[in-house]
Amino acid sequence: MYRIIKPKKIIKSIIYLLLIYFIIQYLFDINISNYNGIYSIDINATIHALQQAKSRETDVENKYQLTAIILHWKRLSGTRRLIQYYLNTHLFKQIIIWNNNPEITLTIDQLLVNSTSINLIHTINFHENLKDEAKYRACARAQTPACFYADDEWDTSGYIKSLISSFQSDPNVLHSATSVSTYYNNMLWTFMDSQIDLHTGFSWNTFGSIFLREHALRHLHLLQMHFPNQQKLFAVSDLFFPIWLNDIPSQMIVNLRMLPTSPNETGNSFLPEKESDDLQQTSTILAIRKLEYSLRLNQSNTNIDFPRYQHRQFPYYVKSSSLNDDFIFYTNILPIDIEHIAFSIEKDAERATYRNIPSGSDYTHFTGHNTLQAIDGNEDTCWHPNKRIKSGDFFAIDFLRIQSNILVTFVLQHTKKLQNKLDMRLSFDGISWISYRSRKGILTSTGSVTAGGSHRLIIDSRQFPSELQSFRYISFNATHDFDEVFQVCDVQIIKSSIVIIK
């Protein structure tokens with residue numbers, strides 16, 4: 001006799017078979033992904049590329065050593081504090097103190113608690129207050145190819161390493177730290193005209209900046225050439241310097257902190273407020289007019305006083321230094337499409353003045369959801385652009401140097417579905433990238449980690465193939481458009497170690 005199988009058992013058997021099928025298919029897909037994403041990589045070529053990148057990294061660090069510039073006016077305690085801080089960092093080959101106060105003469109004994117580092121200190125006492133010009137004159141006397149400057153009331157300890165690393169990865173560009181609102185304002189003060197090779201912008205160097213000594217020398221030369229009898233303009237030459245570089249500065253949005261100052265010390269070395277505002281407006285207009293006129297007049301001539309071509313390594317990014325100054329979070333999604341802002345010298349010469357200040361909903365959104373919100377240690381605040389994701393958009397981490405044993409966590413508020421569709425890439429130098437298509441070493445939380453519905457992504461490079469366990473950059477790239485926005489609420493490095501290649 002034949003045994004009759006009940007329909008319910010048949011259905012249950014079919015379900016079991018389908019379940020087994022999908023499990024096998026899933027495992028098969030992962031193996032294929034592993035094969036395409038990892039084992040198809042040329043291991044020897046990857047190891048060679050790592051060694052070359054690490055060698056270049058070391059060469060650049062040795063080549064672009066830094067001199068710290070300090071301008072003294074009337075805050076002697078602030079000058080002493082900066083000298084001691086710069087010495088303790090061991091980041092500078094030389095420290096130049098330029099005394100802008102002709103009423104006193106600074107000596108090494110006044111400035112140093114002990115004389116163990118006396119050979120690193122060089123003091124210049126000038127007979128008048130040169131104001132802005134002094135920092136460029138000081139840099140011109142540096143023994144290094146680049147200079148670091150910050151006003152003496154600002155605490156740069158939270159981002160100085162990131163700023164130096166950013167500079168060393170792209171040394172032909174002015175690098176500066178700034179606040180959220182000032183960053184957005186500086187984006188508005190951008191000038192583009194491809195017909196005459198105009199591509200410049202503005203940035204204050206007050207809060208921390210790094211620039212080449214050769215750029216400081218050229219700047220002094222341009223001031224003498226264009227304003228031989230207008231010394232007052234030299235005093236506000238910070239307004240000319242970034243624009244005359246004819247390149248967009250690389251700006252890092254950071255948490256700005258002021259250093260404590262003594263009540264009896266004042267740093268006011270400028271003109272009365274009304275006169276200062278008028279001079280600033282005049283200067284920024286003059287800066288762009290001089291540059292635009294020179295580029296337009298000499299369109300077929302590359303041998304002009306102002307730089308015509310950009311020599312930057314990287315495109316324009318929005319970026320922020322982490323709270324521990326151990327990595328940079330950055331993205332290519334700008335709050336303003338600066339490359340397509342129309343410019344006419346007849347209509348827009350006053351663009352870089354305080355008649356053109358940020359406002360509106362885009363500005364308000366950016367102040368509350370910029371890159372700083374991804375690394376502020378608060379999972380309730382998020383980097384959240386107000387634009388749908390386009391193909392080519394990404395967010396990324398720069399670990400400052402090539403590192404290994406990297407364990408980093410992300411708290412994300414965009415969907416897991418979106419995150420799984422992003423192309424995760426690794427790089428030794430931020431220019432050449434390797435797509436990592438395996439799931440090995442990538443973990444995601446199974447549920448919400450915050451009340452807002454965020455999920456956690458963990459990247460553990462120790463589980464990557466050996467040839468990919470060391471890198472400097474990691475990015476998450478959209479390979480097509482998405483009807484969604486990125487939302488990154490927190491990034492933390494749990495562990496990492498610097499790679500040493502003998």
Side-chain angles (χ1 to χ4, degrees), residues 37-38 50 53-54 57 158-159 161-162 165-166 169 252-254 317-332 370-384 393-416 418-430 433-446 448-450 454-478 486-499:
I38 298 176
L50 170 62
K54 185 59 187 176
E57 188 176 79
Y159 50 84
K161 292 179 183 178
S162 296
S165 179
S166 179
S169 66
M252 187 179 300
I253 302 172
V254 299
Y317 296 140
V318 190
K319 54 187 176 179
S320 291
S321 169
S322 69
L323 290 180
N324 296 323
D325 196 20
D326 54 357
F327 68 88
I328 298 170
F329 177 82
Y330 69 100
T331 177
N332 64 340
N370 58 81
T371 49
L372 204 56
Q373 269 64 55
I375 48 81
D376 61 1
N378 182 357
E379 295 182 5
D380 294 327
T381 63
C382 306
W383 165 66
H384 176 191
D393 289 349
F394 68 84
F395 63 91
I397 300 294
D398 174 1
F399 294 101
L400 308 186
R401 302 180 72 184
I402 296 173
Q403 306 205 35
S404 62
N405 301 316
I406 296 170
L407 182 61
V408 59
T409 67
F410 297 80
V411 174
L412 308 170
Q413 209 164 70
H414 55 249
T415 63
K416 288 184 182 180
L418 166 63
Q419 184 61 37
N420 291 336
K421 289 185 177 180
L422 298 178
D423 183 15
M424 193 181 96
R425 301 174 185 176
L426 310 174
S427 178
F428 307 130
D429 58 10
W433 295 84
I434 301 169
S435 289
Y436 184 79
R437 296 192 176 95
S438 171
R439 300 299 301 174
K440 190 175 182 180
I442 302 175
L443 305 174
T444 56
S445 62
T446 57
S448 172
V449 297
T450 69
S454 302
H455 57 97
R456 195 177 302 277
L457 173 70
I458 302 171
I459 306 295
D460 186 356
S461 76
R462 297 170 298 181
Q463 299 183 41
F464 291 4
S466 58
E467 67 274 13
L468 293 177
Q469 289 182 357
S470 301
F471 50 87
R472 173 169 171 172
Y473 301 85
I474 183 170
S475 72
F476 300 90
N477 299 61
F486 289 133
Q487 295 187 70
V488 181
C489 306
D490 190 53
V491 185
Q492 298 283 342
I493 294 181
I494 309 302
K495 182 180 179 181
S496 67
S497 56
I498 295 173
V499 173

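This chain uses plain numbering: 1 for the first residue, then up along the sequence.
- Residues satisfying the side chain to side chain contact (heavy atoms under 4.5 Å, CB included) test with Leu407, not counting sequence neighbours, are Ile458, Asp460, Arg462, Ile494, Lys495.
- Taking the side chain to side chain contact (heavy atoms under 4.5 Å, CB included) definition, one finds that Leu323 meets it with Asn255, sequence neighbours left out.
- Residues Val408 and Val491 meet the side-chain proximity criterion, which asks for heavy atoms closer than 4.5 Å.
- Using a distance-only test at 3.5 Å, with no hydrogens or angles considered, no donor-acceptor pair links the side chain of Ser404 to the main chain of Ser470.
- Considering only residues two or more places apart in sequence or on other chains, Asp429 meets the salt bridge (Lys or Arg N to Asp or Glu O under 4.0 Å) condition with Arg56.
- Using a 4.5 Å heavy-atom cutoff, the side chains of Val411 and Val488 are not in contact.
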Ile253/Val318 under side-chain contact (heavy atoms from CB on, under 4.5 Å): CA gap, chis, key distance, verdict: CA-CA 8 Å; Ile253 302 172; Val318 190; 3.8 Å; yes

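- A donor-acceptor pair is defined here as one N or O able to donate and one able to accept, closer than 3.5 Å; such a pair exists between the side chain of Gln469 and the backbone of Phe464.
- Here the closest heavy-atom approach between residue Arg472 and residue Glu57 is recorded as NH1-OE2, 3.6 Å.
- Residues that satisfy the side-chain hydrogen bond (donor to acceptor under 3.5 Å, both in side chains) test with Gln487, not counting sequence neighbours, are absent from this structure.
- The shortest distance between side-chain heavy atoms of Asp398 and Tyr330 falls below 4.5 Å.
- Contact annotation: the side chain of Ser461 approaches that of Phe471 to within less than 4.5 Å [non-hydrogen atoms, C-beta and beyond].
- The side-chain heavy atoms of Leu457 and Leu443, taken from C-beta on, include no pair separated by under 4.5 Å.
- By the side-chain hydrogen bond (donor to acceptor under 3.5 Å, both in side chains) test, Thr381 pairs with Asp376, sequence neighbours left out.
- Phe476 meets the ring pair (Phe, Tyr, Trp, His ring centres under 6.0 Å) test with Phe395, Phe410; sequence neighbours excluded.
- Proximity of a side-chain donor or acceptor of Ser438 to a complementary backbone N or O of Lys440 within less than 3.5 Å is detected.
- Judged by distance alone, with hydrogens and angles left aside, the side-chain atoms of Asn332 form a donor-acceptor pair with the main-chain N or O of Phe394 at under 3.5 Å.
- Distance check, rounded to the nearest 0.5 Å: CG of Asp423 to OG of Ser475 gives 7.5 Å.
- Rounding to the nearest 0.5 Å places CG of Leu412 at 10.5 Å from CD of Glu379.
- Looking at Ile442 and Met424, their side chains come closer than 4.5 Å, going by heavy atoms from C-beta outward.
- In this view, His414 and Gln419 satisfy the side-chain hydrogen bond (donor to acceptor under 3.5 Å, both in side chains) rule, not counting sequence neighbours.
- Scanning all heavy atoms of the two residues, the minimum distance from Gly377 to Gln492 falls at CA-NE2, 4.2 Å.
- Using a 4.5 Å heavy-atom threshold, the side chains of Ile474 and Phe399 count as touching.
- For the residue pair Thr444 and Arg439, no side-chain donor N or O sits within less than 3.5 Å of a side-chain acceptor on the partner.
- Atoms CH2 and CG, on Trp383 and Asp490 in that order, are 14.5 Å from each other to the nearest 0.5 Å.
- Identified under the salt bridge (charged side-chain N to carboxylate O under 4.0 Å, His left out) test for residues 317-329, with sequence neighbours left out: none.
- Under the side chain to side chain contact (heavy atoms under 4.5 Å, CB included) criterion, Cys382 pairs with Gln413, Cys489, not counting sequence neighbours.
- Listed by chain and residue number, nothing satisfies the ring pair (Phe, Tyr, Trp, His ring centres under 6.0 Å) test with Tyr159 (two or more places apart in sequence, or in another chain).
- Although no hydrogens or angles enter the test, the distance criterion places no donor-acceptor pair under 3.5 Å between the side chain of Ser427 and the main chain of Trp433.
- Leu400 CG to Lys161 NZ: the interatomic distance, rounded to the nearest 0.5 Å, is 9.0 Å.
- Listed by chain and residue number, Ser320 satisfy the side-chain hydrogen bond (donor to acceptor under 3.5 Å, both in side chains) test with Thr371 (two or more places apart in sequence, or in another chain).
- Listed here is the closest heavy atom pair of Ser169 and Ser166: OG-O, 2.7 Å.
- The distance from atom CG of Leu468 to atom CG of Leu50, rounded to the nearest 0.5 Å, is 9.5 Å.
- A distance of 8.0 Å separates OG of Ser321 from CZ of Phe327, quoted to the nearest 0.5 Å.
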